[in-house]
Amino acid sequence: MTVHPAPPPSAPGSPSSGPAPSVPVPAARTTAGEAGPHEPHEQHEQHEQADPWPPRVPWAAVAVFVVVAYALAWLVALPLWLGDGIASPLTSLVGVVMMWTPAVAVAVVTLALRVPARDRLRALGAWPLRPVRRTLGFVGLAVVVPVVVVAAVTFLSAALGLVRLDLVTFSGFAAQVEQTLPAGAELPPVGVLVALQLVSIPVGALVNSVAALGEEVGWRGWLLPALLPLGTWPALLVSGVVWGLWHSPLILLGYNFGRTDVTGVLLMTGGCVAWGVLLGWLRLRSGSLWPAVVGHGALNAAAGLVLLLAAAGETTDMAVVGPLGLVGWAVLAVVVGVLAATGQLTRRPAPVPAS
(Lines give C-alpha, C1' and ligand atoms only; values in the text may rest on other atoms or scores of the structure.)
Protein backbone atom coordinates (compact mmCIF):
# COMPACT_ATOMS: atom_id res chain seq x y z
CA MET A 1 0.00 0.00 0.00
CA THR A 2 0.98 3.58 -0.18
CA VAL A 3 1.43 4.24 3.53
CA HIS A 4 1.44 1.93 6.52
CA PRO A 5 1.06 4.19 9.55
CA ALA A 6 0.96 1.39 12.10
CA PRO A 7 2.36 2.62 15.42
CA PRO A 8 5.33 2.81 15.19
CA PRO A 9 7.16 0.98 12.38
CA SER A 10 10.05 -1.20 13.39
CA ALA A 11 12.11 0.39 10.64
CA PRO A 12 10.05 3.51 10.15
CA GLY A 13 8.15 2.43 7.13
CA SER A 14 5.20 8.46 -2.65
CA PRO A 15 19.56 17.89 -10.90
CA SER A 16 22.67 18.42 -12.25
CA SER A 17 23.26 19.08 -15.88
CA GLY A 18 24.95 16.42 -17.94
CA PRO A 19 24.73 14.36 -21.06
CA ALA A 20 21.29 13.48 -22.30
CA PRO A 21 20.17 10.19 -20.73
CA SER A 22 19.33 7.17 -22.78
CA VAL A 23 16.21 6.55 -20.70
CA PRO A 24 13.45 8.39 -22.55
CA VAL A 25 10.35 9.83 -20.99
CA PRO A 26 7.26 10.34 -23.11
CA ALA A 27 7.65 14.10 -22.72
CA ALA A 28 8.60 14.26 -26.38
CA ARG A 29 4.93 13.69 -27.13
CA THR A 30 3.95 16.96 -25.50
CA THR A 31 1.79 19.36 -27.41
CA ALA A 32 3.14 22.31 -29.32
CA GLY A 33 2.79 24.69 -26.41
CA GLU A 34 4.71 22.49 -23.97
CA ALA A 35 7.88 21.35 -25.65
CA GLY A 36 9.01 24.22 -27.82
CA PRO A 37 10.92 26.45 -25.34
CA HIS A 38 13.30 23.72 -24.26
CA GLU A 39 14.75 22.38 -27.51
CA PRO A 40 15.03 23.04 -31.27
CA HIS A 41 12.26 21.78 -33.50
CA GLU A 42 14.54 19.38 -35.39
CA GLN A 43 15.83 17.82 -32.18
CA HIS A 44 12.25 17.51 -30.92
CA GLU A 45 11.28 15.57 -34.05
CA GLN A 46 14.15 13.15 -33.46
CA HIS A 47 12.94 12.64 -29.89
CA GLU A 48 9.45 11.88 -31.13
CA GLN A 49 10.87 9.21 -33.42
CA ALA A 50 12.65 7.67 -30.44
CA ASP A 51 9.56 7.60 -28.25
CA PRO A 52 8.16 4.06 -27.91
CA TRP A 53 4.79 5.31 -26.61
CA PRO A 54 1.79 5.90 -28.90
CA PRO A 55 1.23 9.55 -29.87
CA ARG A 56 -2.31 9.38 -28.45
CA VAL A 57 -3.65 8.00 -25.18
CA PRO A 58 -4.23 4.25 -25.68
CA TRP A 59 -7.61 4.36 -23.94
CA ALA A 60 -8.45 0.69 -24.49
CA ALA A 61 -5.17 -0.36 -22.86
CA VAL A 62 -5.69 2.15 -20.04
CA ALA A 63 -9.14 0.69 -19.38
CA VAL A 64 -7.77 -2.87 -19.33
CA PHE A 65 -4.92 -1.80 -17.04
CA VAL A 66 -7.30 -0.18 -14.54
CA VAL A 67 -9.79 -3.06 -14.57
CA VAL A 68 -7.08 -5.69 -14.05
CA ALA A 69 -5.31 -3.75 -11.29
CA TYR A 70 -8.57 -3.01 -9.44
CA ALA A 71 -10.03 -6.49 -9.84
CA LEU A 72 -6.86 -8.17 -8.59
CA ALA A 73 -6.66 -5.75 -5.64
CA TRP A 74 -10.17 -6.68 -4.54
CA LEU A 75 -9.43 -10.38 -5.08
CA VAL A 76 -6.29 -10.21 -2.94
CA ALA A 77 -8.12 -8.33 -0.18
CA LEU A 78 -11.08 -10.73 -0.19
CA PRO A 79 -9.79 -12.89 2.72
CA LEU A 80 -9.84 -9.79 4.94
CA TRP A 81 -13.41 -8.97 3.93
CA LEU A 82 -14.49 -12.54 4.64
CA GLY A 83 -12.52 -12.69 7.89
CA ASP A 84 -11.47 -10.26 10.61
CA GLY A 85 -10.78 -7.23 8.45
CA ILE A 86 -7.56 -5.34 9.16
CA ALA A 87 -7.39 -7.06 12.56
CA SER A 88 -6.46 -10.23 10.69
CA PRO A 89 -2.85 -11.42 10.98
CA LEU A 90 -2.88 -11.63 7.19
CA THR A 91 -3.24 -7.86 6.74
CA SER A 92 0.45 -7.11 6.20
CA LEU A 93 0.83 -9.98 3.74
CA VAL A 94 -2.30 -8.93 1.87
CA GLY A 95 -0.99 -5.37 1.65
CA VAL A 96 2.33 -6.46 0.16
CA VAL A 97 0.73 -8.83 -2.35
CA MET A 98 -1.79 -6.16 -3.31
CA MET A 99 1.07 -3.76 -4.08
CA TRP A 100 2.11 -6.04 -6.93
CA THR A 101 -1.28 -6.11 -8.67
CA PRO A 102 -0.46 -3.01 -10.81
CA ALA A 103 2.67 -4.80 -12.03
CA VAL A 104 0.50 -7.73 -13.16
CA ALA A 105 -1.75 -5.27 -14.97
CA VAL A 106 1.31 -3.83 -16.74
CA ALA A 107 2.29 -7.33 -17.87
CA VAL A 108 -1.19 -7.83 -19.33
CA VAL A 109 -1.29 -4.60 -21.33
CA THR A 110 2.28 -4.81 -22.56
CA LEU A 111 2.23 -8.48 -23.54
CA ALA A 112 -1.39 -8.99 -24.60
CA LEU A 113 -2.19 -5.54 -26.00
CA ARG A 114 1.40 -4.59 -26.92
CA VAL A 115 1.28 -1.10 -25.39
CA PRO A 116 3.98 -0.03 -25.78
CA ALA A 117 4.93 -2.33 -28.61
CA ARG A 118 8.74 -1.95 -28.36
CA ASP A 119 11.54 -0.92 -26.04
CA ARG A 120 9.32 -1.76 -23.07
CA LEU A 121 11.89 -1.53 -20.29
CA ARG A 122 13.03 1.78 -21.74
CA ALA A 123 9.43 3.00 -22.02
CA LEU A 124 8.74 2.09 -18.39
CA GLY A 125 11.90 3.91 -17.29
CA ALA A 126 13.33 0.72 -15.84
CA TRP A 127 16.38 0.33 -18.09
CA PRO A 128 18.98 1.47 -19.01
CA LEU A 129 20.11 3.51 -16.01
CA ARG A 130 22.27 5.96 -17.97
CA PRO A 131 23.47 8.48 -17.11
CA VAL A 132 24.29 6.92 -13.77
CA ARG A 133 25.07 10.20 -12.03
CA ARG A 134 21.70 11.70 -12.90
CA THR A 135 19.81 8.57 -11.87
CA LEU A 136 21.64 8.24 -8.56
CA GLY A 137 21.22 11.95 -7.89
CA PHE A 138 17.46 11.72 -8.19
CA VAL A 139 17.37 8.49 -6.19
CA GLY A 140 19.20 10.32 -3.39
CA LEU A 141 16.72 13.18 -3.68
CA ALA A 142 13.88 10.66 -3.52
CA VAL A 143 15.17 9.34 -0.19
CA VAL A 144 15.36 12.81 1.35
CA VAL A 145 12.40 14.79 0.01
CA PRO A 146 9.51 12.55 1.21
CA VAL A 147 11.07 12.34 4.69
CA VAL A 148 11.40 16.14 4.83
CA VAL A 149 7.78 16.54 3.69
CA VAL A 150 6.52 14.08 6.34
CA ALA A 151 8.57 15.88 9.01
CA ALA A 152 7.14 19.22 7.87
CA VAL A 153 3.61 17.80 8.11
CA THR A 154 4.31 16.54 11.63
CA PHE A 155 5.75 19.79 12.98
CA LEU A 156 3.20 21.99 11.21
CA SER A 157 0.43 19.88 12.75
CA ALA A 158 2.00 20.43 16.16
CA ALA A 159 2.34 24.18 15.53
CA LEU A 160 -1.36 24.34 14.63
CA GLY A 161 -2.29 22.53 17.85
CA LEU A 162 -3.61 19.48 16.01
CA VAL A 163 -1.26 17.09 17.82
CA ARG A 164 0.95 17.40 20.89
CA LEU A 165 4.50 16.14 20.51
CA ASP A 166 6.92 15.00 23.21
CA LEU A 167 10.45 15.54 21.94
CA VAL A 168 12.07 15.10 25.36
CA THR A 169 10.84 11.88 26.93
CA PHE A 170 8.95 10.52 23.86
CA SER A 171 6.21 9.43 26.23
CA GLY A 172 3.84 8.18 23.54
CA PHE A 173 6.42 5.89 22.01
CA ALA A 174 7.55 4.74 25.46
CA ALA A 175 3.98 3.74 26.30
CA GLN A 176 3.74 1.72 23.11
CA VAL A 177 7.03 -0.05 23.79
CA GLU A 178 5.98 -0.87 27.34
CA GLN A 179 2.90 -2.63 26.04
CA THR A 180 5.08 -5.01 24.04
CA LEU A 181 7.44 -5.91 26.91
CA PRO A 182 6.99 -8.99 29.11
CA ALA A 183 5.78 -8.33 32.64
CA GLY A 184 8.59 -7.00 34.83
CA ALA A 185 10.93 -6.26 31.93
CA GLU A 186 12.84 -3.00 32.12
CA LEU A 187 12.15 -0.34 29.51
CA PRO A 188 15.23 0.30 27.32
CA PRO A 189 16.43 3.92 26.96
CA VAL A 190 13.63 5.44 24.90
CA GLY A 191 15.83 8.16 23.41
CA VAL A 192 18.14 5.52 21.98
CA LEU A 193 15.21 3.59 20.52
CA VAL A 194 13.81 6.71 18.90
CA ALA A 195 17.23 7.61 17.47
CA LEU A 196 17.51 4.12 16.00
CA GLN A 197 14.08 4.49 14.44
CA LEU A 198 15.03 7.80 12.85
CA VAL A 199 18.43 6.77 11.47
CA SER A 200 16.91 3.59 10.04
CA ILE A 201 14.51 5.54 7.81
CA PRO A 202 16.87 5.53 4.78
CA VAL A 203 17.32 1.78 5.15
CA GLY A 204 13.56 1.42 5.54
CA ALA A 205 13.11 3.42 2.34
CA LEU A 206 15.21 0.94 0.38
CA VAL A 207 13.55 -2.09 2.00
CA ASN A 208 10.07 -0.68 1.30
CA SER A 209 11.10 0.02 -2.28
CA VAL A 210 10.96 -3.71 -3.03
CA ALA A 211 7.19 -3.73 -2.52
CA ALA A 212 6.78 -0.18 -3.87
CA LEU A 213 8.23 -1.33 -7.19
CA GLY A 214 5.07 -3.36 -7.78
CA GLU A 215 2.96 -0.23 -7.59
CA GLU A 216 5.32 2.23 -9.24
CA VAL A 217 5.88 0.17 -12.37
CA GLY A 218 2.13 0.53 -12.83
CA TRP A 219 1.33 4.08 -11.74
CA ARG A 220 4.47 6.00 -12.75
CA GLY A 221 6.07 3.43 -15.05
CA TRP A 222 3.11 2.68 -17.32
CA LEU A 223 0.00 4.75 -16.55
CA LEU A 224 1.58 8.21 -16.26
CA PRO A 225 3.46 8.00 -19.60
CA ALA A 226 0.41 6.50 -21.29
CA LEU A 227 -1.65 9.54 -20.22
CA LEU A 228 0.96 12.18 -21.13
CA PRO A 229 -0.66 13.06 -24.49
CA LEU A 230 -3.33 14.72 -22.34
CA GLY A 231 -0.66 17.12 -21.03
CA THR A 232 1.55 16.97 -17.97
CA TRP A 233 -0.95 18.23 -15.40
CA PRO A 234 -3.93 16.11 -16.56
CA ALA A 235 -1.70 13.02 -16.67
CA LEU A 236 -0.40 13.64 -13.14
CA LEU A 237 -3.86 14.30 -11.70
CA VAL A 238 -5.69 11.44 -13.44
CA SER A 239 -3.01 8.90 -12.56
CA GLY A 240 -3.15 10.12 -8.95
CA VAL A 241 -6.92 9.59 -8.81
CA VAL A 242 -6.58 6.08 -10.25
CA TRP A 243 -3.85 5.33 -7.70
CA GLY A 244 -5.96 6.57 -4.80
CA LEU A 245 -9.15 4.70 -5.71
CA TRP A 246 -7.15 1.49 -6.16
CA HIS A 247 -6.61 1.46 -2.36
CA SER A 248 -10.37 1.13 -1.68
CA PRO A 249 -10.38 -2.57 -0.68
CA LEU A 250 -8.27 -1.80 2.40
CA ILE A 251 -9.36 1.79 3.04
CA LEU A 252 -13.01 0.71 3.33
CA LEU A 253 -11.91 -1.70 6.09
CA GLY A 254 -10.53 1.24 8.08
CA TYR A 255 -6.91 1.07 6.94
CA ASN A 256 -4.85 4.27 7.19
CA PHE A 257 -7.61 6.57 8.46
CA GLY A 258 -9.91 4.42 10.58
CA ARG A 259 -12.85 5.43 8.36
CA THR A 260 -14.88 2.70 6.70
CA ASP A 261 -16.98 4.84 4.36
CA VAL A 262 -16.46 7.00 1.31
CA THR A 263 -14.72 9.62 3.49
CA GLY A 264 -11.70 7.35 3.84
CA VAL A 265 -11.60 6.72 0.10
CA LEU A 266 -11.77 10.45 -0.64
CA LEU A 267 -8.98 11.16 1.85
CA MET A 268 -6.80 8.49 0.28
CA THR A 269 -7.53 9.76 -3.21
CA GLY A 270 -6.66 13.32 -2.27
CA GLY A 271 -3.45 12.18 -0.62
CA CYS A 272 -2.46 10.07 -3.61
CA VAL A 273 -3.11 12.94 -6.02
CA ALA A 274 -0.86 15.20 -3.93
CA TRP A 275 1.93 12.65 -3.51
CA GLY A 276 1.42 11.43 -7.07
CA VAL A 277 2.44 14.83 -8.43
CA LEU A 278 5.69 14.69 -6.45
CA LEU A 279 6.45 11.08 -7.41
CA GLY A 280 5.43 11.81 -10.98
CA TRP A 281 7.85 14.73 -11.07
CA LEU A 282 10.65 12.43 -9.92
CA ARG A 283 9.76 10.03 -12.74
CA LEU A 284 9.46 12.61 -15.49
CA ARG A 285 12.29 14.90 -14.46
CA SER A 286 14.79 12.07 -14.00
CA GLY A 287 13.71 10.00 -16.99
CA SER A 288 13.82 6.94 -14.74
CA LEU A 289 11.33 4.85 -12.80
CA TRP A 290 13.70 4.24 -9.88
CA PRO A 291 13.53 7.63 -8.14
CA ALA A 292 9.74 7.25 -7.94
CA VAL A 293 10.14 3.73 -6.55
CA VAL A 294 12.55 4.88 -3.84
CA GLY A 295 10.45 7.96 -3.13
CA HIS A 296 7.41 5.75 -2.57
CA GLY A 297 9.51 3.55 -0.27
CA ALA A 298 10.73 6.61 1.65
CA LEU A 299 7.15 7.81 2.12
CA ASN A 300 6.17 4.46 3.57
CA ALA A 301 9.27 4.39 5.76
CA ALA A 302 8.60 7.81 7.30
CA ALA A 303 4.81 7.54 7.47
CA GLY A 304 4.70 6.74 11.19
CA LEU A 305 6.82 9.72 12.28
CA VAL A 306 3.95 11.54 13.98
CA LEU A 307 3.13 8.40 15.97
CA LEU A 308 6.76 8.11 17.01
CA LEU A 309 6.90 11.67 18.35
CA ALA A 310 3.37 12.14 19.73
CA ALA A 311 2.94 12.61 23.48
CA ALA A 312 1.32 9.91 25.59
CA GLY A 313 -2.47 10.01 25.58
CA GLU A 314 -2.71 11.85 22.26
CA THR A 315 -5.41 10.72 19.87
CA THR A 316 -3.67 11.03 16.52
CA ASP A 317 -6.07 11.49 13.62
CA MET A 318 -4.09 10.42 10.56
CA ALA A 319 -6.78 11.92 8.34
CA VAL A 320 -5.58 15.32 9.55
CA VAL A 321 -1.95 15.03 10.70
CA GLY A 322 -0.75 12.01 8.73
CA PRO A 323 1.27 12.34 5.52
CA LEU A 324 -1.84 11.58 3.45
CA GLY A 325 -4.08 13.80 5.59
CA LEU A 326 -5.24 17.37 5.24
CA VAL A 327 -2.10 19.01 6.59
CA GLY A 328 -0.09 16.83 4.21
CA TRP A 329 -2.14 18.16 1.30
CA ALA A 330 -1.26 21.72 2.31
CA VAL A 331 2.46 21.03 2.63
CA LEU A 332 2.57 19.22 -0.70
CA ALA A 333 0.64 22.06 -2.34
CA VAL A 334 3.50 24.38 -1.38
CA VAL A 335 6.13 21.94 -2.67
CA VAL A 336 4.29 21.40 -5.94
CA GLY A 337 3.74 25.14 -6.28
CA VAL A 338 7.48 25.71 -6.07
CA LEU A 339 8.12 23.00 -8.68
CA ALA A 340 5.51 24.51 -10.99
CA ALA A 341 6.76 28.08 -10.52
CA THR A 342 10.31 27.04 -11.38
CA GLY A 343 9.25 25.08 -14.46
CA GLN A 344 10.33 21.78 -12.99
CA LEU A 345 7.08 19.96 -13.70
CA THR A 346 7.44 20.35 -17.47
CA ARG A 347 11.23 20.14 -17.68
CA ARG A 348 12.62 16.71 -18.35
CA PRO A 349 15.60 15.03 -19.98
CA ALA A 350 15.51 14.58 -23.71
CA PRO A 351 14.90 11.02 -24.89
CA VAL A 352 17.28 9.48 -27.42
CA PRO A 353 16.69 6.60 -29.82
CA ALA A 354 17.43 3.12 -28.58
CA SER A 355 20.72 1.77 -29.88
Side-chain angles (χ1 to χ4, degrees), residues 2 11-28 38-39 47 50-52 99 103 106 119-152 198-222 224-225 228 232 236 275-303 332 335-336 338-339 342-355:
T2 303
S14 21
S16 59
S17 60
S22 58
V23 181
V25 182
H38 300 296
E39 54 186 306
H47 295 165
D51 185 10
M99 291 178 78
V106 170
D119 299 332
R120 289 165 183 161
L121 290 179
R122 192 169 67 96
L124 296 173
W127 189 263
L129 301 179
R130 300 188 306 268
V132 174
R133 187 174 68 173
R134 182 190 298 274
T135 302
L136 292 180
F138 273 99
V139 166
L141 195 64
V143 173
V144 174
V145 171
V147 177
V148 171
V149 170
V150 173
L198 294 175
V199 300
S200 68
I201 287 178
V203 176
L206 297 179
V207 171
N208 285 324
S209 295
V210 175
L213 173 61
E215 284 195 52
E216 288 304 312
V217 74
W219 312 131
R220 257 64 62 178
W222 192 90
L224 177 59
L228 271 181
T232 300
L236 289 169
W275 280 99
V277 173
L278 183 59
L279 295 177
W281 170 73
L282 287 170
R283 163 71 167 102
L284 297 177
R285 182 65 183 85
S286 68
S288 173
L289 173 66
W290 301 107
V293 172
V294 175
H296 192 151
L299 168 60
N300 285 0
L332 285 164
V335 174
V336 171
V338 171
L339 293 175
T342 56
Q344 286 291 316
L345 285 178
T346 54
R347 184 184 176 196
R348 58 203 64 163
V352 296
S355 56

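Here, residue 1 is the first one in the sequence, and each next residue gets the next number.
- Scanning both residues, Leu279 and Arg220, for their nearest heavy atoms gives CD1-NH2, 3.6 Å.
- The shortest distance between side-chain heavy atoms of Leu284 and Thr346 does not fall below 4.5 Å.
- Val145 is linked by a side-chain contact (heavy atoms from CB on, under 4.5 Å) to Leu141, Val149, Leu278, counting only residues two or more places apart in sequence or in another chain.
- For the pair Val336 and Leu345, the minimum side-chain heavy-atom distance is below 4.5 Å.
- Scanning both residues, Val217 and Val106, for their nearest heavy atoms gives O-CG2, 3.5 Å.
- Looking at residues two or more places apart in sequence or on another chain, you find a side chain to side chain donor-acceptor pair (under 3.5 Å) between Trp219 and Glu215.
- Using a distance-only test at 3.5 Å, with no hydrogens or angles considered, a donor-acceptor pair links the side chain of Thr135 to the main chain of Leu129.
- Looking at every heavy atom in both residues, Leu124 comes nearest to Gly221 through CD2-O, 3.4 Å.
- In this structure, Arg122 CZ and Leu289 CG are separated by 15.0 Å, a value rounded to the nearest 0.5 Å.
- Minimum heavy-atom separation, Arg283 to Gly125: NH2-N, 3.6 Å.
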Would Arg134 and Arg285 satisfy side chain to side chain contact (heavy atoms under 4.5 Å, CB included), going step by step from the backbone distance to the final call? CA-CA 10 Å; Arg134 182 190 298 274; Arg285 182 65 183 85; 3.7 Å; yes
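- Closest approach of Gly297 and Ala212 over heavy atoms only: N-CB, 4.0 Å.
- The shortest heavy-atom contact between Trp290 and Ala126 is NE1-O, 2.9 Å.
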Applying side chain to side chain contact (heavy atoms under 4.5 Å, CB included) to Leu339 and Val277, what does each step give before you reach the verdict? CA-CA 10 Å; Leu339 293 175; Val277 173; 5.8 Å; no
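- In this structure, the side chain of Trp281 engages the main chain of Gln344 through a donor-acceptor pair within 3.5 Å.
- Looking at residues two or more places apart in sequence or on another chain, you find a side-chain contact (heavy atoms from CB on, under 4.5 Å) between Ala152 and Val331.
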